[in-house]
K.L.:
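Below: one structure in structure tokens.
Computed from a predicted structure; not experimentally measured. Residue numbers start at 1 and run along the sequence shown.
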Amino acid sequence: MNWIQVQTFAEGPHTYVGIEVFLPQVAESGKRYPLLMLLHDHGEDRTQWMRQARLERYAEKADVAIALIDGNQSCFVNSVTGYAWGDYLVQELPEKLAGWFPISCEGKDRWVMGVGTGGYGALMAAQNAPDSFAGAAAVNPVLDVACLYGTDIEPKPEYLFGEKETLDVRGYALSTTFQIPVHLYCDARHEEQAMQWARNGAQITVEAVGAENLLEEAFQKYVQNVKGGSRR
């Protein structure tokens, strides 16, 4: 695949960000490729997916574009302090990618997938902007950010979400009601919690993956959904 590194200013979070874009090696003239956006976990950056999964091996066969996105430990949501990482993920970045590269700008050709806190961000994007995505996936996701309070995680959850007691009213609580298909990929340690959480979610599928090659196995499975969905 073609690998393109981008450094650009992001209006929503008011900072410069890095993006890794992968496009099929032989581009078809006039074709707009479906896009899979990958979100990293807390304490990581966009290279997490490159280091822990052989993306090109599966994405080339699926004929999709991939964007690895830096979230600067934001959980990819708009923070109470005014850094609009959620808007950047859902609106700003997809529009820029479609302007720079042969990537479709339509929501029906776009998917988002994250791991850990990035999984939470992917699910929040699916919950808040279902028209912007055809589907979403999360690998061992944080399903309730209330669990981050009282830990040594940085930045402090209060900086991102406000007080713990206001998570629901501020819109940071995840619902199990989605308008688009959602896939959860979990190792043995996280599977039971995910099953319990998703039991009333008609659009949610939970699938077990091995802990050893967690991201690669999850990516391999989900990119087939993207490949099938892009042919609708």
K.L.:
Which residues pass the side-chain contact (heavy atoms from CB on, under 4.5 Å) test with Asp187, not counting sequence neighbours?
P.N.:
Asn140, Arg189, His190, Ala211, Leu214
K.L.:
Got a sec, which residues hit salt bridge (Lys or Arg N to Asp or Glu O under 4.0 Å) with Lys164, two or more places apart in sequence or on another chain?
P.N.:
none
K.L.:
Can you sort out the partners of Ala137 under side-chain contact (heavy atoms from CB on, under 4.5 Å), two or more places apart, ordered by chain and number?
P.N.:
Met113, His183, Tyr185, Tyr222
K.L.:
Which residues pass the salt bridge (Lys or Arg N to Asp or Glu O under 4.0 Å) test with Glu217, not counting sequence neighbours?
P.N.:
none
K.L.:
Mark yes or no for whether Asn2, through its side chain, and Gln25, through its backbone, hold a donor-acceptor pair below 3.5 Å.
P.N.:
yes
K.L.:
Can you list the steps and then say if Arg170 with Phe161 is a side-chain contact (heavy atoms from CB on, under 4.5 Å)?
P.N.:
CA-CA 8 Å; Arg170 290 182 183 272; Phe161 314 113; 6.0 Å; no
K.L.:
Check this for me: Gln224, atom CD, are more than 12 non-hydrogen atoms of other residues, nucleotides or ligands nearer than 6.0 Å?
P.N.:
yes
K.L.:
Would you confirm whether Gln73, through its side chain, and Glu44, through its main-chain N or O, come within 3.5 Å as a donor-acceptor pair?
P.N.:
yes
K.L.:
Would a hydrophobic clustering, with Ile, Leu, Val, Met, Phe, Trp and Tyr connected at side-chain separations under 4.5 Å, put Val21 with Leu36?
P.N.:
no
K.L.:
So which heavy atom on Ile19 is nearest to which on Ala67, and how close?
P.N.:
CG2-CB, 4.4 Å
K.L.:
With heavy-atom distances below 4.5 Å as the criterion, would you say the side chains of Trp85 and Val77 are in contact?
P.N.:
no
K.L.:
My understanding is that only residues two or more places apart in sequence, or in another chain, count here; which of them pass salt bridge (Lys or Arg N to Asp or Glu O under 4.0 Å) with Glu20?
P.N.:
Arg46
K.L.:
I need the minimum non-hydrogen distance between Val90 and Ala129, along with the two atoms involved.
P.N.:
CG1-CB, 3.5 Å
K.L.:
When you group the ILVMFWY residues by side-chain heavy-atom contacts below 4.5 Å and let the links chain together, are Leu68 and Met37 in the same group?
P.N.:
no
K.L.:
Enter the distance from Gln52:CD to Thr47:OG1 here, rounded to the nearest 0.5 Å.
P.N.:
8.5 Å
K.L.:
To the closest 0.5 Å, what do you measure between CD (Glu95) and SG (Cys105)?
P.N.:
8.5 Å
K.L.:
For Gly118 and Leu39, work out which heavy atoms get closest and say how close.
P.N.:
O-CD1, 3.5 Å
K.L.:
Taking C-beta and beyond as the side chain, do Leu97 and Leu35 meet within less than 4.5 Å on heavy atoms?
P.N.:
yes
K.L.:
Check the pair Ser132 / Gln91 against side-chain contact (heavy atoms from CB on, under 4.5 Å), numbers first and verdict last.
P.N.:
CA-CA 8 Å; Ser132 296; Gln91 301 171 2; 5.7 Å; no
K.L.:
So do Val80 and Leu160 actually touch side chain to side chain, heavy atoms under 4.5 Å?
P.N.:
no
K.L.:
Side chains of Thr15 and Tyr88: does their closest heavy-atom pair fall under 4.5 Å?
P.N.:
no
K.L.:
When you look at Glu106 and Arg110, which way does the salt bridge (charged side-chain N to carboxylate O under 4.0 Å, His left out) test go after all the steps?
P.N.:
CA-CA 7 Å; Glu106 298 186 36; Arg110 189 184 309 140; over 6 Å; no
K.L.:
Quick test of your reading: applying salt bridge (Lys or Arg N to Asp or Glu O under 4.0 Å), list the pairs with at least one residue in residues 81-90, sequence neighbours left out, ordered by first then second residue.
P.N.:
none
K.L.:
Between Glu154 and Lys156, is the closest basic N to carboxylate O distance under 4.0 Å?
P.N.:
yes
K.L.:
Side chains of Phe219 and Leu55: does their closest heavy-atom pair fall under 4.5 Å?
P.N.:
yes
K.L.:
Just verifying a value: how many Å separate Tyr172 OH and Ser79 OG, rounded to the nearest 0.5 Å?
P.N.:
6.0 Å
K.L.:
Kindly give the heavy-atom pair with the smallest separation between Met124 and Leu174, and that separation in Å.
P.N.:
SD-CD2, 3.6 Å
K.L.:
Which value, rounded to the nearest 0.5 Å, describes the distance between Asp45 atom CG and Asn72 atom CG?
P.N.:
10.0 Å
K.L.:
For Glu163, which residues count as a side-chain contact (heavy atoms from CB on, under 4.5 Å) partner, sequence neighbours excluded?
P.N.:
Glu158, Glu165, Thr166
K.L.:
Can you tell me how far CG of Leu148 sits from CD1 of Ile153, rounded to the nearest 0.5 angstrom?
P.N.:
4.5 Å
K.L.:
Tell me which donor-acceptor pairs under 3.5 Å the side chains of residues 196-208 have, and how far apart each pair is, sequence neighbours excluded?
P.N.:
from: Arg199; atom 1: NH1; to: Gln196; atom 2: O; distance (Å): 2.4
from: Gln203; atom 1: NE2; to: Gln179; atom 2: O; distance (Å): 3.4
from: Glu207; atom 1: OE2; to: Lys221; atom 2: NZ; distance (Å): 3.1

K.L.:
Below 4.5 Å, heavy atoms only, C-beta onward: do Pro141 and Leu184 meet side chain to side chain?
P.N.:
yes
K.L.:
How far apart are the closest heavy atoms of Pro13 and Tyr83, and which atoms are they?
P.N.:
O-CD2, 3.1 Å
K.L.:
Write out all pairs satisfying ring-ring contact (aromatic ring centres under 6.0 Å, His included) with one or both partners inside residues 32-74, taking only residues at least two apart or from two chains.
P.N.:
His40-Phe76
K.L.:
When hydrophobic residues are tied together by side-chain contacts of less than 4.5 Å, even through go-betweens, does Ile69 share a cluster with Val226?
P.N.:
no
K.L.:
Can you confirm whether more than 12 heavy atoms, excluding those of Glu212, are under 6.0 Å from its CD atom?
P.N.:
no
K.L.:
Would you call Phe22 and Glu56 a side-chain contact if the rule is heavy atoms closer than 4.5 Å?
P.N.:
yes
K.L.:
Side-chain heavy atoms nearer than 4.5 Å, only ILVMFWY residues, links allowed to pass through others: does that put Val139 and Leu143 together?
P.N.:
no
K.L.:
Which value, rounded to the nearest 0.5 Å, describes the distance between Gln48 atom CD and Arg51 atom CZ?
P.N.:
6.0 Å
K.L.:
Which atom names give the shortest non-hydrogen contact between Cys147 and Val142, and what distance separates them?
P.N.:
SG-CG1, 4.1 Å
K.L.:
Test of understanding: with side-chain contact (heavy atoms from CB on, under 4.5 Å), list the residues that count as partners of Ile180, not counting sequence neighbours.
P.N.:
Ala126, Pro130, Phe133
K.L.:
Restricting to pairs with a member in residues 112-122, which pass side chain to side chain donor-acceptor pair (under 3.5 Å), not counting sequence neighbours?
P.N.:
Asp41-Thr117
K.L.:
Any link between Val64 and Ile4 through a network of hydrophobic side chains (Ile, Leu, Val, Met, Phe, Trp, Tyr) touching at under 4.5 Å?
P.N.:
no
K.L.:
For the residue pair Lys31 and Pro102, establish whether any side-chain heavy-atom pair is separated by less than 4.5 Å.
P.N.:
no
K.L.:
Please go through Phe9's hydrophobic cluster and name the other residues, only I, L, V, M, F, W, Y counting, with side-chain heavy atoms under 4.5 Å joining them.
P.N.:
Tyr16
